[in-house]
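Here the structure is a predicted model, which means the values were calculated and not measured.
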Number of protein chains: 2
Amino acid sequence: MPKTETKNRPGKRISSGSGTLNEVAKAAGVSEMTVSRVLRGKTNVSQKTRDKVQAAVKALGYVPNRLAGALASAKSMQLAVIIPSLRNIVFPEVLAGITDCLDTAGYHAVIGVSEYDLGREAELIAAMMSWRPAGIIIANAQHHRDAVTILRASPAPVVEVMELTRKPIDMCVGLDHRKAAVMTAERLLKKGYRRFAYLGCDLQRDKAAGKRFKGFSDTVLKGGGKMVAELTVDEPSGIGLGRRHMASLLAQSAKIEIVYASNDAVASGALMYCLAEGISVPRELALASFSGLEVGQSMPLPLTTIRSPRYEMGRLSAERILDRLNGKTPPRITDAGFEFIEGETT
Amino acid sequence: MPKTETKNRPGKRISSGSGTLNEVAKAAGVSEMTVSRVLRGKTNVSQKTRDKVQAAVKALGYVPNRLAGALASAKSMQLAVIIPSLRNIVFPEVLAGITDCLDTAGYHAVIGVSEYDLGREAELIAAMMSWRPAGIIIANAQHHRDAVTILRASPAPVVEVMELTRKPIDMCVGLDHRKAAVMTAERLLKKGYRRFAYLGCDLQRDKAAGKRFKGFSDTVLKGGGKMVAELTVDEPSGIGLGRRHMASLLAQSAKIEIVYASNDAVASGALMYCLAEGISVPRELALASFSGLEVGQSMPLPLTTIRSPRYEMGRLSAERILDRLNGKTPPRITDAGFEFIEGETT
DNA sequence: ATGAAAGCGCTAACAA
DNA sequence: TTGTTAGCGCTTTCAT
């Protein structure tokens with residue numbers, strides 16, 4: 001196993017694994033610049049030279065050094081992507097949209113996970129900037145002031161993804177969480193529900209969920225309804241949260257007609273609780289939430305919820321950045337929209 | 001919005017956003033080398049000089065350029081991470097373990113998603129190598145021969161994660177999928193089950209699932225049982241898959257006693273189908289699978305399954321790489337183990 | 001404890 | 001179409 005010897009060779013530069021432009025140039029009998037041009041697909045090289053160079057590249061198994069390239073051209077092919085969590089499936093879904101789009105353009109994503117900590121997020125951004133990314137995609141619209149300072153100063157385009165903001169740092173791609181929750185509340189009121197309960201994660205951490213909660217309860221009150229029970233739990237949002245905490249939520253009031261959950265994972269857990277406890281949904285208790293996750297739509301009763309275009313938002317974010325890098329002027333604000341899903345839990 | 005002007009300034013180098021070592025050095029009245037030493041935490045600098053430098057760094061809002069640093073030192077602080085998918089929650093969970101470990105050490109992950117395509121995986125690896133990563137973590141143990149060639153030649157440590165292999169390219173961290181499936185089959189046989197069915201994703205794409213299927217059916221046959229129905233579907237593994245395809249699996253044979261699913265997502269969908277159709281589990285039909293996902297354990301009946309240590313495998317992979325970079329000699333093969341979960345679906 | 005010189009591997013700009 | 005020159009911003013090595 002040659003690996004073990006490879007580490008620390010003090011005082012001696014490692015061969016970087018695969019030769020240099022110079023070696024290829026010599027092998028092909030041309031200058032470094034010509035090789036560089038061929039490799040970057042510049043058109044002003046004759047086919048003959050092209051072939052020679054490509055043969056040499058293949059023969060030597062040459063892999064270009066993008067660190068050097070990025071340094072010389074001040075153009076990196078990496079994007080920084082900062083998300084709050086990998087445990088909540090919505091972020092990997094956004095990430096999937098991002099990587100799909102980037103891959104086709106030869107870019108790569110460097111990821112940072114803030115664990116919903118804005119201080120940590122700011123540190124991550126600072127660290128990421130040292131790679132001189134070609135662009136930055138960051139989840140949500142609330143950031144530490146240091147983070148905002150850095151991002152504003154960034155020469156690279158920035159996209160805030162997930163939430164819509166009136167005044168993004170640079171660009172934003174997302175949906176109006178308040179509007180989504182308002183629409184949900186209106187539909188539920190129209191259906192006759194009046195006594196609402198809320199179950200969710202800590203609203204200080206997940207700001208988008210906080211906006212939804214606010215929009216929802218405002219609308220409920222305005223519409224003659226009441227929030228008769230509320231439970232927010234400071235633990236990772238997920239199915240387990242809904243499953244474990246429904247009992248104590250329901251214990252808060254005997255008159256809950258419907259539970260609005262912070263997202264589909266929580267709502268799915270809540271529905272599982274009801275199924276396990278023999279609570280008839282929606283007859284005895286109704287459920288609604290937000291996300292449109294596969295799990296929620298696969299339940300014996302599909303959830304009444306809002307579908308957020310997660311993959312699409314990721315893809316659009318990456319596209320906006322690439323557009324900017326290609327000299328275009330994409331819209332600063334992109335409303336990715338959402339869709340109400342009339343399930344069977346209401 | 002200053003952003004819009006920032007893109008393509010033809011012929012003019014962008015200021016890279018934040019000054020250079022040289023500017024800091026001038027501001028602090030020392031040489032570049034001294035600043036470099038302070039920034040990298042070298043000890044042989046006097047406290048007085050240190051303070052001056054740090055003041056200058058803060059005053060200028062200097063952010064070091066790691067591209068230049070990596071080029072000069074031939075040591076990057078980035079790891080390449082290649083996974084087959086972001087839609088299957090197990091990979092984000094592994095990724096979470098990786099990023100958690102890397103973050104504390106100041107490293108960052110560059111990610112590539114192969115979509116279960118080995119050709120694409122090989123291309124991704126080649127592309128990633130051009131960033132001269134300090135290490136490479138790649139999911140699974142089966143790769144395109146070009147990929148193997150590149151990885152073997154890599155001066156950076158390589159970890160194959162998820163599956164255990166007898167002869168890893170460099171190192172591996174994982175669990176024995178065959179063994180896990182064998183154990184599951186043995187327990188089910190002991191419980192009296194004889195007529196088995198299999199429901200899962202395409203076994204050519206998900207090699208680990210293939211190993212489990214093989215181990216499971218081998219054991220079933222050896223133990224006097226029978227595989228009376230099999231359905232593999234070439235679509236992304238997930239809850240929806242299980243939910244949608246149970247009907248046609250069950251139509252294959254009237255005498256199925258138990259369904260073994262390729263993983264917990266599929267099994268959860270299958271269980272939801274049963275709940276929706278009023279099939280009594282485990283009386284009329286039993287269910288078992290593999291993963292130990294939160295969703296499966298939150299179902300009204302927790303799944304009988306195997307818990308795979310996904311976060312832990314990610315963490316360990318990153319740790320092995322960092323150990324190597326720090327001159328240690330970690331074990332080539334790390335068995336992360338697994339745990340049988342006796343649920344209520346059998 | 002500090003500094004000067006010499007690149008790392010590549011690309012922009014200009015020349016031929 | 002091709003080549004030459006001069007860095008990109010940093011770290012290594014070797015002096016002092």
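Looking only at distances, no side-chain donor or acceptor of A:S36 sits under 3.5 Å from a matching main-chain atom of A:E32.
Spacing between atom CG of A:L21 and atom P of D:dT2 amounts to 15 Å, rounded to whole angstrom units. Between B:R37 atom CZ and C:dG3 atom C1' there is a gap of 8 Å when expressed in whole angstrom units. Computed from coordinates, the B:L39 CG to D:dG9 C1' distance equals 12 Å when rounded to whole Å. The interatomic distance linking B:N22 (CG) with D:dG7 (P) rounds to 13 Å, in whole Å. Atoms CG (B:L67) and C1' (D:dT11) sit 14 Å apart, rounded to a whole Å.
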Taking only distance into account, with no hydrogens and no angle test, what donor-acceptor pairs under 3.5 Å do side-chain atoms of residues 90-105 of chain B form with protein atoms, sequence neighbours excluded?
unit_1	atom_1	unit_2	atom_2	d
B:E93	OE1	B:R310	NE	2.5
B:E93	OE1	B:R310	NH2	2.9
B:T99	OG1	B:L95	O	3.2
B:T99	OG1	B:A96	O	3.2
B:D100	OD2	B:Y311	OH	2.5
B:D103	OD2	A:R120	NH2	3.0
B:T104	OG1	B:C101	O	2.8

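Around atom NZ of B:K26, no more than 12 heavy atoms belonging to other residues, nucleotides or ligands sit under 6.0 Å away. More than 12 heavy atoms of other residues, nucleotides or ligands lie within 6.0 Å of NZ in B:K52, so this atom counts as buried by the packing criterion.
At least one side-chain nitrogen or oxygen of B:S36 sits closer than 4.0 Å to the OP1 or OP2 atom of D:dT11. Phosphate contact (OP1/OP2 of C:dA12, side-chain N/O of A:R40, threshold under 4.0 Å): present.
Listed by residue number, the members of residues 26-33 of chain B with any heavy atom below 4.0 angstrom from DNA chain C are B:V30, B:S31, B:M33. Residues from residues 41-55 of chain A with heavy atoms under 4.0 angstrom of DNA chain C: there are none.
For the residue pair A:H143 and A:E121, a side-chain donor N or O sits within less than 3.5 Å of a side-chain acceptor on the partner.
A donor and an acceptor atom never sit less than 3.5 Å apart when one is taken from the side chain of A:R132 and the other from the base of D:dG9.
Taking the charged nitrogens against the carboxylate oxygens, A:E312 and A:R315 do have a contact shorter than 4.0 Å, which makes a salt bridge.
The list of side chain to side chain donor-acceptor pair (under 3.5 Å) pairs with a residue in residues 77-87 of chain A, not counting sequence neighbours, reads A:Q78-B:Q78.
When the nucleotides D:dG9, C:dG9, C:dT2 are ranked by their closest atom to the side chain of B:T34, C:dT2 comes out on top.
Remark: B:R66 engages no residue in a salt bridge (charged side-chain N to carboxylate O under 4.0 Å, His left out) (not counting sequence neighbours). Every residue two or more places apart in sequence or in another chain that forms a salt bridge (charged side-chain N to carboxylate O under 4.0 Å, His left out) with B:E163 is listed here: B:K211.
Counting any heavy atom pair closer than 4.0 Å across all strands shown, A:R66 reaches no nucleic acid atom.
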